[in-house]
Amino acid sequence: MTEIWLTNTRTRKKERFEPIDPANVRMYVCGPTVYDRAHLGNARPAVVFDVLYRLLRHVYGAEHVTYVRNITDVDDKIIARAKERGISIEELTRTTTEWYHEDMAALGVDYRGDPHFHEPHATEYIPQMIAMIERLIARGCAYVAEGHVLFSVESYPAYGQLSGRSVDDMIAGARVEVAPYKRNPMDFVLWKPSAPDQPGWESPWGRGRPGWHIECSAMAEALLGPEFDIHGGGNDLMFPHHENEIAQSCCAHPESHFARYWLHNEMLQVEGKKMSKSLGNFFTVRDLLDQGVPGEVIRFVFLQTHYRKPMDWTAKKAAEAAGVLRRWHALCADAEAGEVPAAVIDALADDLNTPAAIAALHRLAGEGDAAGLLAGARALGLMTPALGAWAAAPEVTPEITALIERLIEARAEARRARDFARADALRDGIAAAGVKVKDTPQGAVWELTPDFDPAKLEALAQ
RNA sequence: GGCGCGUUGGCGGAAUGGUUACGCACACGAUUGCAAAUCGUGCUCAUGCCGGUUCGAAUCCGGCACGCGCCUCCA
């Protein structure tokens, strides 16, 4: 069996992955807070962990991997946004979740019909969260103060281990004031009271709503058990979110270790700078798709950078990626996917080295191994029927075909007659109409490009 | 101020002690009436700076510079 090695943030080392139960490999990834369209940065973890999911399924079998990615549908940003737009919270979270599904599917992250993928909504797990909070209180790890329930970081000596901080350091670096009801400034909220116009649920501490972190602990436990294999997310979540998840889960289940392997992807930049609204370089996945950048191109650009390095989105990269993919699609036009080449799997198994996997695909393409290229690309979620359609030649009618061949023949005749002015005019005209003609020793062959324009062709025939 | 991450050829981007990554771009050659496409060759022995360990370092250790992220119940 292929050995998978992963960089574990918990130990800061690349470690051999050994699942608790090879018959049920379990991973949890922090999903979106659904208050707006996913921006490009939100898409990176979705794609990265989709590749990991594909790899695990390849190695352990599709029936033996469980993937949980949550939807955060209770959150103060959601409350604010719904009010701003004058719509209900339910409508906001429902439509935003649908957008997320559509946009991610365009990038090849699509789990519709996959019984091993679970997408729990926070609002559906309130009782489990309340139960976990009660358990934490009972164990002396949490306390009630002014209608809030707070986690006591001092009750968990290992607090800060994941992110490499000590509670004292963090307090020293803390910038602002601290809620007076906290015993320790680093204590964080498990439950908070809701005003009458805010969403809330009845609880032993009154009507309120959960803090952000508890949902992941409660849902991971409900769906994967107190201890499971992999927990992933963006490295911006490492602190405080994941640190707090660990504290909650490990205190609720001292006999367990929660997630054994922690994986964090680095952040995304745009043209060398942080994507931000103030710099004017902020855009959503949908913005790019609407501009005509194919989802497959976005995915390819993402995978060209290793997940643990900052990724820079540039227009140049997108253009290069589109060119490469076009050539590969042309090479594989009539190919059936073969076995997934070992070089591709080996690269992925080495800490998801997607750039090395892509290099392996380049070699396969260079060798003309269409079956291997196609299979390898699909292992990365590229060149699937759903994603590759953009690169397909437009439909041609027999009339168009006849017209093109007539023009090509006319050019050939002109060349035979050494009427190069006419031959070149025809060649340039055909090219301008979006038909690519390649002269081979066996004669001219042609294909349509995405810019194909039948009107220009008609004009040329006059 | 604290913690963490990064810095490889023109560009992108692999490689955790020992031969050319790979891709893109560009240049030249083959081919062509000229091109396109294709093939070949070159740029390409490149590793932010300074020191250390080692027979040998992009790779390990220390320091520095630059860049980035996180550090409040705003997430």
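Proteins come first, then strands; the chains are lettered A, B, ... in the order of their sequence lines, and each starts at number 1. Note that the structure is a prediction, hence the values are computed from the model and not measured.
- Side-chain N/O atoms of K438(A) include none lying less than 4.0 angstrom from OP1 or OP2 on rA35(B).
- Atom pair F300(A):CZ and rG13(B):P shows a separation of 12 Å (rounding to whole Å applied).
- Going from atom CE of M267(A) over to atom P of rG4(B) covers 17 Å, rounded to whole Å.
- Taking 4.0 angstrom as the limit, K309(A) places none of its side-chain polar atoms (N or O) nearer than this to OP1 or OP2 of rC68(B).
- Checking rG13(B), rA75(B), rG4(B) against the side-chain heavy atoms of R12(A) singles out rG4(B) as nearest.
- In this structure, N353(A) reaches the sugar-phosphate backbone alone: every heavy-atom distance under 4.0 Å involves primed, P, OP1 or OP2 atoms, never a base.
- At a cut-off of 3.5 angstrom, the base of rG12(B) holds no donor-acceptor pair with the side chain of D312(A).
- Among the protein residues, H148(A) comes within range of the nucleic acid bases, having at least one heavy atom under 4.0 Å from a base atom.
- Across the C1' atoms, rC70(B) and rG52(B) are found 32 Å apart, a figure rounded to whole Å.
- Using bins of under 30°, 30° to 60° and over 60° for the plane-to-plane angle, the ring pair H329(A)/W390(A) lands in the perpendicular bin.
- Comparing the P positions of rU54(B) and rU41(B) gives a spacing of 42 Å, expressed to the nearest Å.
- Heavy-atom contacts from other residues, nucleotides or ligands closer than 6.0 Å to OH of Y35(A) number 12 or fewer.
- Between the P atom of rC74(B) and the CZ atom of F188(A) lies a distance of 12 Å, rounded to the nearest Å.
- For F282(A) and H39(A), the distance between ring centers is under 6.0 angstrom.
- Rounded to a whole angstrom, the distance from the P atom of rG6(B) to that of rU44(B) is 28 Å.
- Across all strands shown, rC45(B) remains unpaired; no Watson-Crick or G-U wobble contact has both distances below 3.5 Å.
- Searching all strands for a Watson-Crick or G-U wobble partner of rC66(B) with both distances below 3.5 Å returns rG6(B).
- Across all strands shown, rC28(B) is found opposite rG40(B) as a Watson-Crick or G-U wobble partner, with both distances under 3.5 Å.
- A distance below 6.0 Å separates the ring centres of F188(A) and H213(A).
- Atom name P, nucleotides rC43(B) and rC5(B): the rounded distance is 37 Å, in whole Å.
- You'll find the side chain of I430(A) reaches within 4.5 Å of the side chain of L460(A), heavy atoms only.
- Regarding E243(A), its CD atom lies at a distance of 16 Å from the C1' atom of rA75(B), rounded to whole Å.
- F420(A) comes within contact range of at least one nucleobase, with a heavy-atom separation under 4.0 Å.
- Under the 3.5 Å distance criterion, with hydrogens and angles disregarded, a donor-acceptor pair is assigned to the side chains of H264(A) and T9(A).
- Here the separation of rU72(B) from rG67(B), taken at their C1' atoms, is 26 Å to the nearest Å.
- Using a 4.0 Å cut-off between charged nitrogen and carboxylate oxygen, E367(A) and R363(A) do not count as a salt-bridge pair.
- Remark: W212(A) in residues 193-221 of chain A come within less than 4.0 Å of RNA chain B through at least one heavy atom.
- Of all nucleotides listed (rC71(B), rG12(B), rG33(B)), rC71(B) comes nearest to the side chain of F239(A).
- Shown here, rU53(B) forms no base pair; nothing in the strands shown gives a Watson-Crick or G-U wobble contact with both key distances under 3.5 Å.
- Within 3.5 Å, no donor on the side chain of R308(A) pairs with an acceptor on the base of rC5(B), nor the reverse.
- In this structure, R37(A) satisfies the cation-pi test against W99(A), with its NZ or CZ atom closer than 6.0 Å to the six-membered ring centre and inside 45 degrees of the ring normal.
- Two rings, from W262(A) and H242(A), have their centers less than 6.0 Å apart.
- rC11(B) and rG23(B) make up a base pair, with Watson-Crick or G-U wobble contacts both under 3.5 Å.
- The partner of rG1(B) is rC71(B), judged by Watson-Crick or G-U wobble contacts that both fall below 3.5 Å.
- Listed nucleotides rC34(B), rG69(B), rA14(B) differ in distance to D236(A); the shortest reach to its side chain belongs to rG69(B).
- As rounded to the nearest Å, rC71(B) and rG12(B) have C1' atoms that lie 32 Å from one another.
- Judged by the 6.0 Å and 45° rule, R183(A) forms a cation-pi pair with Y143(A).
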note = Nucleotide by nucleotide, nucleotides 20-32 of chain B touches protein heavy atoms under 4.0 Å in the pattern (B base, S sugar-phosphate only, - none) -BSSS--------
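- Nucleic acid contact for K192(A): base, since at least one base atom lies under 4.0 Å from a heavy atom of the residue.
- No side-chain N or O of E221(A) forms a donor-acceptor pair with one of S217(A) less than 3.5 Å apart.
- The distance from atom CG of L237(A) to atom P of rC70(B) is 10 Å, rounded to the nearest whole Å.
- Take the nearest nucleotide of RNA chain B for Q269(A) and for S163(A): the residue whose nucleotide is more 5' is S163(A).
- One atom, NE2 of H264(A), and another, C1' of rC3(B), lie 14 Å apart when rounded to the nearest Å.
- K436(A) comes within 4.0 angstrom of no nucleic acid atom, judged by non-hydrogen atoms across all strands.
- Here T33(A) lies out of heavy-atom contact (under 4.0 Å) with every strand.
- Residue T305(A) has its side chain nearest to rA14(B) when only rC5(B), rA14(B), rA75(B) are considered.
- Between the CG atom in D312(A) and the CG atom in L268(A) there is a gap of 7.5 Å [rounded to 0.5 Å].
- A side-chain N or O of E154(A) and one of N184(A) form a donor-acceptor pair less than 3.5 Å apart.
- In the set rA35(B), rA14(B), rG4(B), the nucleotide with an atom closest to the side chain of M238(A) is rG4(B).
- Taking atom P in both rC11(B) and rU53(B), one finds a spacing of 33 Å when rounded to whole Å.
- Side-chain proximity of D76(A) to rA37(B), rA14(B), rC74(B): nearest is rC74(B).
- Annotation: rG63(B) and rG2(B) have their P atoms spaced 13 Å apart (nearest Å).
- Nearest-nucleotide positions on RNA chain B place R411(A) closer to the 5' end than the other of D75(A) and R411(A).
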